[in-house]
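The next block holds one structure in the form of structure tokens; read it before the comments.
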There are 2 protein chains.
Amino acid sequence: MSLRSFVPAYYQLAEDLKNKIESGELKPGDVIPSEAQLAAQYGVSRMTVRNGLSLLSKGGYINSFQGKGNFVASPKMDRMYFYFSENNLLGQNKKLDAKLLSVDVLAADDKTASKLQVAVGSKIVRIEQMLSSEDGPVAIDRRFLPYIKGAPLLEKEIEYAAFPESMSRHTELVSAHNGISVQACVLMKEEAKLLSSKVGFPALCIEQIIYSRDRKPLGWSKMICRGDRFVLKAVSEPYSERL
Amino acid sequence: MSLRSFVPAYYQLAEDLKNKIESGELKPGDVIPSEAQLAAQYGVSRMTVRNGLSLLSKGGYINSFQGKGNFVASPKMDRMYFYFSENNLLGQNKKLDAKLLSVDVLAADDKTASKLQVAVGSKIVRIEQMLSSEDGPVAIDRRFLPYIKGAPLLEKEIEYAAFPESMSRHTELVSAHNGISVQACVLMKEEAKLLSSKVGFPALCIEQIIYSRDRKPLGWSKMICRGDRFVLKAVSEPYSERL
DNA sequence: GAGTGGTCTAGACCACACA
DNA sequence: GTGTGGTCTAGACCACTCC
């Protein structure tokens with residue numbers, strides 16, 4: 001290639017094509033010039049072209065079909081992403097403050113045992129905390145963990161009381177993943193009191209189960225959020241993975 | 001390489017390393033053998049190794065640092081995603097049935113104008129529909145679109161009344177993206193009636209704004225979902241993008 | 001058969017990190 | 001300086017699609 005600026009050639013190529021896609025010059029379904037053509041056009045080798053195209057592919061801009069060509073993809077608007085950690089539950093700027101309310105060791109009841117896939121009556125740890133923003137109380141979070149003596153998870157869990165945060169801190173130790181369900185509910189008496197709200201007011205119930213790499217539940221969290229102070233936001237493309 | 005099976009070499013390498021990561025042999029933070037070492041070890045060229053590593057990188061299994069090495073990544077448990085379209089709002093198996101209630105052309109009030117970034121009083125289309133599962137009514141969806149005569153979006157929109165579905169059908173024409181917010185609310189009189197429920201019962205309010213590629217709002221949807229029949233589920237790792 | 005993307009090689013030079 | 005990943009080349013053969 002002749003005049004190389006500071007950005008890699010494959011990146012320039014990807015940017016060029018991306019711009020053509022976003023400007024509408026290349027529409028979804030359109031075929032992209034063949035890799036050989038692009039290589040000639042940009043004066044680079046085919047591997048460099050492929051490097052650029054793989055960027056676009058990773059970003060969801062194009063799809064490749066062997067023997068046919070590279071085609072502009074339709075944006076997947078049905079797949080939504082959001083972050084779920086204490087730093088961004090309420091948006092980028094607002095931070096939540098976590099206050100530990102209680103830590104108990106108790107026997108698992110039916111529901112908890114089923115969620116954690118342990119025997120009914122086995123020892124579990126319950127951690128209760130309150131999350132507040134500058135506006136006041138936002139949510140009550142109750143976590144349940146199997147009581148495993150000496151498990152690093154447990155000890156740190158009690159020390160720093162923050163569910164997804166602390167869990168992800170431990171993923172240095174265990175590869176894990178995470179499932180969330182969001183439901184509408186209303187505040188019960190105790191929750192309303194803790195959240196300085198009123199019984200029957202709308203709330204979000206966010207349940208979270210964290211699994212180990214072999215799909216065993218490591219923890220179960222149930223968060224009750226004041227409806228007026230909590231909004232869950234999601235977008236159809238990853239926040240960071242933009243080209 | 002000597003004995004090649006049916007899968008590409010780079011893929012085998014990626015699988016090998018993935019298994020080592022998932023089995024715990026390689027833990028998050030661990031460094032992976034250098035590309036040169038892997039190349040020698042597997043008897044392939046360095047580019048082939050890099051091809052395999054890029055798979056792992058794309059899948060979030062490893063991170064690369066120039067001059068340092070490739071490292072096993074910690075799973076990002078704070079990044080959640082879910083699908084939001086009528087076919088999977090309630091899970092994979094349940095399908096929602098959409099019933100068109102009304103279509104009107106009216107003048108934008110303050111709120112709608114602001115959401116759609118149009119002038120107050122300008123013409124907009126309002127489409128109201130009810131979504132039901134086999135269990136009965138689930139949600140009321142109200143959509144607002146700028147009234148643009150002859151816009152393909154609008155006409156099809158009225159024809160097939162399904163928000164994310166129909167919108168994504170049109171993304172063959174316009175690259176677009178999508179923002180959702182989820183809030184707790186309670187059923188108002190009219191909604192309760194339509195949903196065969198009662199005033200004050202918990203509900204989810206899901207607002208969705210679809211943007212064109214130049215970030216102009218193309219549509220605004222506000223969905224009121226019966227709390228007892230609607231659960232939003234999200235997970236921390238892609239279903240499909242697995243290695 | 002001609003054209004496409006998929007895989008792969010055996011080198012090369014560079015930018016960066018670390019000692 | 002040595003080792004690492006990042007970029008790039010100029011070829012090659014294969015599998016696939018379409019004619």
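Lettering follows sequence order; numbering is per chain, from 1.
B:N70 and B:S64 are linked by a side-chain donor-acceptor pair at a separation below 3.5 angstrom, with hydrogens and angles left out of the test. A:R79 and A:Y81 share a side-chain donor-acceptor pair at under 3.5 Å.
For A:R50 and C:dG5, the shortest distance from a side-chain N or O to OP1 or OP2 is not below 4.0 Å. Using a 4.0 Å cut-off, some side-chain N or O of A:T48 falls inside it from OP1 or OP2 of D:dT9. Side-chain nitrogen and oxygen atoms of A:Q37 include none within less than 4.0 Å of the OP1 or OP2 phosphate oxygen of C:dG3. Here B:S45 does not reach the OP1 or OP2 of C:dA10: none of its side-chain N or O atoms lies under 4.0 Å away.
In this structure, B:L38 places its CG atom 13 Å from P of C:dT9, rounding to the nearest Å. Rounding to whole angstrom units, CG of residue A:L55 and C1' of D:dT7 are separated by 12 Å. Note: CZ (B:F65) to P (D:dG6) measures 10 Å, nearest angstrom. One atom, CD1 of B:I62, and another, C1' of D:dG5, lie 11 Å apart when rounded to the nearest Å. Atom OH of B:Y42 is separated from atom P of C:dT7 by 17 Å (rounded to the nearest Å). Here D:dT9 presents its C1' atom at 10 Å from CE of A:M47, a figure rounded to the nearest Å. We find that CD of B:E35 is positioned 12 Å from C1' of D:dG3, with the value rounded to whole Å. Atom CZ of B:R46 is separated from atom C1' of D:dT4 by 8 Å (rounded to the nearest Å).
For the atom pair A:E15 CD and A:E22 CD, the distance stands at 8.5 Å (nearest 0.5 Å).
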Verdict with reasoning, B:D141 to B:S221, per side chain to side chain donor-acceptor pair (under 3.5 Å): CA-CA 7 Å; B:D141 182 28; B:S221 161; 2.7 Å; yes
Check against side chain to side chain donor-acceptor pair (under 3.5 Å), A:Y42 and A:D16: CA-CA 11 Å; A:Y42 283 83; A:D16 274 11; 3.0 Å; yes
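Using a 4.0 Å heavy-atom cutoff across all strands shown, B:N70 reaches sugar-phosphate atoms only and no base atom.
Here the side chain of A:T48 pairs no donor or acceptor atom with the backbone of A:V44 at under 3.5 angstrom.
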Mind listing the N/O atom pairs, protein and nucleotides 15-19 of chain D, below 3.5 Å?
{"from": "D:dA15", "atom 1": "N3", "to": "A:Q66", "atom 2": "OE1", "distance (Å)": "3.0"}
{"from": "D:dC16", "atom 1": "O4'", "to": "A:Q66", "atom 2": "OE1", "distance (Å)": "3.4"}
{"from": "D:dT17", "atom 1": "O4'", "to": "A:G67", "atom 2": "O", "distance (Å)": "3.4"}

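In summary, B:K115 and B:E207 engage in a salt bridge, as defined by a charged side-chain N under 4.0 Å from a carboxylate O.
Using N1 to N3 plus N6-O4 or O6-N4 for Watson-Crick, or N1-O2 and O6-N3 for G-U wobble, each under 3.5 Å, C:dA19 pairs with nothing.
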